[in-house]
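Following: one structure in structure tokens, then a few remarks.
Computed from a predicted structure; not experimentally measured.
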Amino acid sequence: MSDSLKICKGLVTLLFLTLAGPASAAKPFTEGMVTITLDDGWTTQYTLARPELNSRDIPATYGLVTRAIAEGWGGYMTLTQAQTLVSEGNDIASHTLTHPDLTSLTPPQLLSELRDSRAWLETALGLPAVPNLVVPFGLQNGPVLDVIRQHYASSRTVNAGRNFRDTVVYDLRANDVARNVPVSAVQGWVDQAILEKSWLILVFHEFTNGTPTRDTQYVTSDFEAILDYVQTSGVRTVTLSEGVALTERRTHPDLTAGFFVYTDGLQNGFANWSWADHSLDETNVVHSGTSAIRFEPDTWNGLMFHHSGIDLSQYQSLRLWVHGGTVGGQAVRLVLHDGAQVLGSIRLDTALGGAIAPGTWQQVTIPLASIGASTGMLQDIYFQDDSGTDQPVVYLDDVVFLPN
Ligand SMILES: [Zn+2]
């Protein structure tokens, strides 16, 4: 796609945003921003990425696994190297003591991972404060977040998307730049951040000058190309701490409009367990805000959004918007599941009272009582192909449980 076309598309999206109104209020910053985060504390971040960042005067945020440094784990930075990052003006975030799945820990283990890693960084690196957490695997839920809020000013996930002034700072979105992500894709994300004045956080892990052998390795020359693009684009570069300071520091989602499953990205602790071909960051066909869900409902494949548990008795209905793409008529089944059994299920065309229409957004409201799901602890929401065949792409947006 040519640059002018890309800009045209962006303008169309902006125009649509204006027309679509405040269904999902994403407040822009004064300008687009990019943050480079480097997770885990790999030696190659120090030896290969750091010189490229330094030569361009781009400060980064390093999310360090503290026991790896303290105990000298192979492949990780030394304490002296971590101290050098600080003296060179970089931002340091905690990435816990040992990089566990925080949702699997006992309360004392969780407390130790969060509190002791921060304390170690403050002491070992001579930092007055380490306010930000990079969540291992991006996995957090309500009980974990309760403890994170007590010890940190923000937490960064690996849910794709961009951040806005009113983004909940304990649910910061970040785009993972894994081995297979081309430079051009990252350039597109930077362009989008500039256009919509959002905050793009990029995540890198290891670096290599050769051919990557792991998904988490990125080719150094491609990293250089990304940094060059960031510089020539003129986008503002900020550290995680600087970016958080420019937000409204919202700590909790606004639930008055309902309990969102998805709007611009997964919300409220939902994790993406989907196995269908899909994107949670579709930007060309969007109902409101900046992004929608695109998915291929083929051969029983589905979207699956997992939660630690939602008491459905608090809600009267599930509302969402569906767009049939160019063709429409897809057979897609919504299933609410408690992890052991189906709580309720309905096809979207049945709920609509007619086929999913092409070329337009339609609102679907499903009273939970109508599908026998007015009680129960929801864990999984599925949108699944109900045809067993190859169907055209369908789009979803603004999936929300409406309170009683
Ligand atoms: Zn990590």
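- Taking 4.5 Å as the limit, every side-chain heavy atom of Ser387 sits out of range of all side-chain heavy atoms of Pro297.
- Asp116 has no carboxylate O lying under 4.0 Å from a charged side-chain N of Arg67, or vice versa, which leaves the two without a salt bridge.
- No side-chain donor-acceptor contact under 3.5 Å links Ser317 to the backbone of Leu368.
- A distance of 6.0 Å or more separates the ring centres of His252 and Tyr170.
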Mind running side-chain contact (heavy atoms from CB on, under 4.5 Å) on Asn272 and His278 for me, showing each step along the way? CA-CA 11 Å; Asn272 185 17; His278 74 288; 3.0 Å; yes

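- Looking at Ile194, Val34, Asp191 one by one, the single match for side chain to side chain contact (heavy atoms under 4.5 Å, CB included) with Leu200 turns out to be Val34.
- Contact annotation: the side chain of Asp40 approaches that of His205 to within less than 4.5 Å [non-hydrogen atoms, C-beta and beyond].
- The side-chain heavy atoms of Leu97 and Ser112, taken from C-beta on, include a pair separated by under 4.5 Å.
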Test Gln379 against His307 for side-chain contact (heavy atoms from CB on, under 4.5 Å), laying out the working first. CA-CA 5 Å; Gln379 290 208 340; His307 197 277; 5.8 Å; no

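- With no hydrogens or angles considered, no side-chain donor-acceptor pair links Asn90 and Thr239 at under 3.5 Å.
- The six-membered or imidazole ring of Phe204 lies near that of Phe223, with a centre-to-centre distance under 6.0 Å.
- Remark: side-chain polar atoms of Gln362 are not paired, donor with acceptor, to backbone N or O of Ile356 under 3.5 angstrom.
- Looking at Thr84 and Tyr46, their side chains come closer than 4.5 Å, going by heavy atoms from C-beta outward.
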Working for side chain to side chain donor-acceptor pair (under 3.5 Å), residues Thr103 and Asp101: CA-CA 5 Å; Thr103 66; Asp101 169 357; 2.6 Å; yes

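- At least one side-chain heavy atom of Leu396 sits under 4.5 Å from a side-chain heavy atom of Val322.
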Using the side-chain contact (heavy atoms from CB on, under 4.5 Å) rule, take Leu312 and Leu343 through it: C-alpha gap first, then chi angles, then the decisive distance, then the call. CA-CA 10 Å; Leu312 288 184; Leu343 298 168; 3.9 Å; yes

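- With no hydrogens or angles considered, a side-chain donor-acceptor pair links Thr106 and Gln109 at under 3.5 Å.
- The closest side-chain heavy-atom distance from Val394 to Phe383 is not below 4.5 Å.
- Residues Trp199 and Thr167 have side chains not in contact (no heavy-atom distance under 4.5 Å, counting atoms from C-beta outward).
- Note: Tyr315 and Phe259 have tilted aromatic rings, judged against thresholds of 30 and 60 degrees for the angle between ring planes.
- Look at Arg319 and Asp398 and you find no salt bridge, because none of the NZ, NE, NH1 or NH2 atoms lies under 4.0 Å from a carboxylate O.
- Between Phe305 and Trp273, the gap from one ring centroid to the other reaches at least 6.0 Å.
- Ring orientation note: the planes of His323 and Trp361 are nearly perpendicular, at an angle over 60° on the 30°/60° scale.
- With no hydrogens or angles considered, a side-chain donor-acceptor pair links Gln363 and Thr365 at under 3.5 Å.
- Side-chain contact between Arg50 and Leu85 is present, with at least one heavy-atom pair separated by less than 4.5 Å.
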Run Asp264 and Arg162 through salt bridge (charged side-chain N to carboxylate O under 4.0 Å, His left out) and show every step you take. CA-CA 8 Å; Asp264 294 338; Arg162 282 93 50 221; over 6 Å; no

The test is side-chain contact (heavy atoms from CB on, under 4.5 Å); show your working for Val285 and Arg294 and say whether it passes. CA-CA 8 Å; Val285 180; Arg294 179 186 74 235; over 6 Å; no

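- Taking the charged nitrogens against the carboxylate oxygens, Lys27 and Asp166 have no contact shorter than 4.0 Å, which rules out a salt bridge.
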